[in-house]
Amino acid sequence: MSALAPALALDDITCRFAAREGGQPYTAVAHATLTVAAGEFVSVVGPTGCGKSTLLNVGAGLLAPSSGTVDIFGQRLIAANGVNRRAGYMFQADALMPWRTGIDNVTAGLEFRGVSRSEARQRGAEWLRRVGLAGFGDRYPHQMSGGMRKRLALAQTLILSPDILLMDEPFSALDVQTRQLMENELLALWAEDRKSVLFVTHDLDEAIALSDRVVVLSAGPATRPIADFKVDLPRPRDVSEIRMTPAFIALHREIWGAMKEEVLKAYERQKAA
Amino acid sequence: MRLRAVQLLVLALLIGFWYVTTKPGLLPNFYFDKDNRAAFFFGEPQKVFWIVVVWFWSGEIFQHLGITLLETALGFVIGAIFGLAMGLWLGLSSSASAVMDPYIKGLNSMPRVVLAPIFAVWFGLGIWSKVALGVTLVFFVVFFNVYQGVREVSPTLIANARMLGASRGQLLRSIYLPAAMSWVFASLHNAVGLAFVGAVVGEYLGSARGVGYLILQAEGTFDINTVLAGILVLTAFALVLDAVVGLIERRLMVWQPKASETEPT
Ligand SMILES: Nc1ncnc2c1ncn2[C@@H]1O[C@H](COP(=O)(O)OP(=O)(O)OP(=O)(O)O)[C@@H](O)[C@H]1O
Ligand SMILES: [Mg+2]
């Protein structure tokens with residue numbers, strides 16, 4: 001394992017989903033190559049349904065690609081042998097265990113790893129505090145708001161301190177204010193120990209404000225990255241303030257130029273289907 | 001409270017109707033040609049009531065009720081454990097479920113009450129033949145619910161647990177089992193009812209004790225009042241069992257969202 005190996009390297013990935021009866025197989029992703037360097041924050045933007053979640057699932061080792069390879073810090077990841085042990089994954093859909101209270105959800109990963117109960121509790125309480133849920137540890141997920149559940153999921157993932165963070169539109173369900181708070185919180189947490197992050201969103205503002213690099217995907221089917229932009233905005237950033245800077249606006253215009261056509265294409269296709 | 005009052009009124013009207021139509025000589029005969037015929041076929045509420053009172057007063061009923069409840073409990077527990085284990089196994093292993101599918105379907109469509117005489121031959125006339133009948137009834141209810149529940153666990157939930165580092169055993173314990181349990185509880189009312197049916201039907205077909213046996217005896221002497229008293233006691237205890245299950249369910253299923261949980265201020 002060399003120090004130079006990227007945290008996550010997806011190479012020439014193609015994902016073809018088997019057809020349902022009578023239909024054609026659907027090629028969601030074709031020949032996609034994407035790398036995330038160690039310590040890098042990369043965002044992936046693309047129109048809805050283009051295959052962003054599919055790519056994350058491949059990187060997580062939850063989905064075996066039809067062809068192509070995945071390397072984690074230089075080591076080959078084979079989905080059949082198990083998931084990517086160095087990654088934490090925040091899912092797009094709700095993934096909390098409804099039968100566990102807040103704190104028991106947060107400490108689930110520690111429990112699976114055999115950490116003692118008292119230590120897990122202590123660290124769990126600490127993380128609940130960090131995501132602003134201190135005092136909500138004994139509530140069940142259905143007793144929390146959507147935003148609280150997202151923060152709980154964030155704590156559940158981060159408590160394990162994964163080297164790679166895969167995030168699938170984690171904040172898209174939140175209102176603008178909460179969302180900016182969470183984005184700043186995420187940046188602060190990230191700045192502490194510089195994990196490698198692959199962040200999926202369809203919000204270009206969010207992508208630019210958070211990342212070192214923004215990758216634009218083409219519309220599906222046969223999605224692949226079509227453009228790659230470096231974001232050279234200074235850090236530390238404040239996501240609400242940085243949106244006003246001329247550099248941000250220029251970058252936004254540039255990336256949106258590349259994206260617009262794909263978004264329209266995706267829209268037309270979904271309308272036709 | 002108004003609801004309770006109306007419910008009691010309905011009960012009172014029913015009993016009143018029963019009393020008036022069966023009391024010999026109270027109304028002119030309109031169907032039977034003799035005065036006491038209606039009472040012979042349909043019993044009389046005040047006599048049924050006194051039989052029940054005497055049963056409980058003398059304590060005679062308790063040994064029968066005890067046996068019936070024991071059979072119910074055993075049938076339920078054993079059937080539920082088998083159903084849970086089998087449901088988990090077949091739900092998690094698609095090859096096993098493909099092999100077993102026709103057998104499960106076949107056994108399920110068989111009217112299983114006809115097994116009662118066979119169980120009587122195999123297990124004798126004691127409690128175990130009744131337990132066996134209860135088990136066959138309970139098993140399928142629990143089995144199908146668990147099987148369904150395991151297959152419908154959200155894939156995201158499983159993926160999340162795997163990403164958090166859950167091994168296969170941990171996945172079973174912390175995802176599949178709790179998910180299946182909520183389905184078991186959904187079928188619990190049904191299952192307890194069926195275990196009760198198994199016990200009573202088993203007793204009715206041949207036994208030396210139990211409420212089903214009391215009913216069988218009374219039927220032999222055309223004592224319709226005792227038959228009805230037995231049915232009344234069984235119904236009351238079925239309701240009690242149902243309430244107990246509801247209590248346990250509320251205890252264990254606190255995590256489940258209810259329709260509305262606001263409190264009036
Ligand atoms: N298991 C599957 N079987 C068949 N088709 C699938 C499957 N999973 C995804 N797809 C298809 O692949 C395409 C990409 O799906 P994916 O979930 O990756 O989209 P996405 O980019 O994450 O969209 P969104 O922004 O709406 O979350 C979609 O057209 C979807 O219908
Ligand atoms: Mg998605």
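Quick caveat, the model's predicted, so the values are computed rather than measured. Throughout, protein chains are lettered first and strands after them, A, B, ... in sequence-line order, and every chain is numbered starting at 1. Only heavy atoms go into these numbers, but all of them, side chains included; no hydrogens, no water, no symmetry mates.
- Note that CE of A:M97 and CG of B:L157 are 6.5 Å apart. Values are rounded to the nearest 0.5 Å.
- Put simply, the side chain of A:R113 gets close to the backbone of B:L164: a donor and an acceptor are under 3.5 Å apart.
- Only the backbone of A:L96 comes within contact range of chain B, with heavy atoms under 4.5 Å apart.
- Dense packing is recorded around CZ of A:R130, with more than 12 heavy atoms of other residues, nucleotides or ligands lying under 6.0 Å away.
- Of the residues considered (B:I158, B:T156, B:N160), B:N160 shows the highest number of contacts with chain A, using heavy-atom pairs under 4.5 Å.
- Enclosure of atom CZ in A:R16 is not indicated, since only 12 or fewer non-hydrogen atoms of other residues, nucleotides or ligands lie within 6.0 angstrom.
- Only the side chain of A:Y140 comes within less than 4.5 Å of a heavy atom in chain B; its backbone stays farther off.
- Atom CZ of A:R85 and atom CE of B:M163 lie 9.0 Å apart (nearest 0.5 Å).
- The local environment of CZ in B:F140 is crowded, with over 12 non-hydrogen atoms from other residues, nucleotides or ligands closer than 6.0 Å.
- Contact tally against chain B (heavy-atom pairs below 4.5 Å) for A:L110, A:N84, A:N57, A:V83: the top residue is A:V83.
- For the atom pair CZ of B:R162 and CZ of A:F112, the computed distance is 12.5 Å after rounding to the nearest 0.5 Å.
- For A:F91, the part sitting under 4.5 Å from any heavy atom of chain B is the side chain, from C-beta outward, and nothing else.
- B:F123 CZ: more than 12 foreign heavy atoms inside a 6.0 Å radius.
- Counting heavy atoms from C-beta outward, B:S154 and A:D94 have side chains that stay 4.5 Å or more apart.
- When heavy atoms are compared at a cutoff of 4.5 Å, B:L171 does not approach chain A at all.
- Of the atoms belonging to B:S174, heavy atoms from both backbone and side chain fall under 4.5 Å from chain A.
- Environment of CD in B:E152: crowded, with over 12 heavy atoms of neighbouring residues, nucleotides or ligands closer than 6.0 Å.
- When side chains are defined from C-beta on, B:M181 does not count as touching A:W99, because their heavy atoms never get closer than 4.5 Å.
- Only the backbone of A:E111 comes within contact range of chain B, with heavy atoms under 4.5 Å apart.
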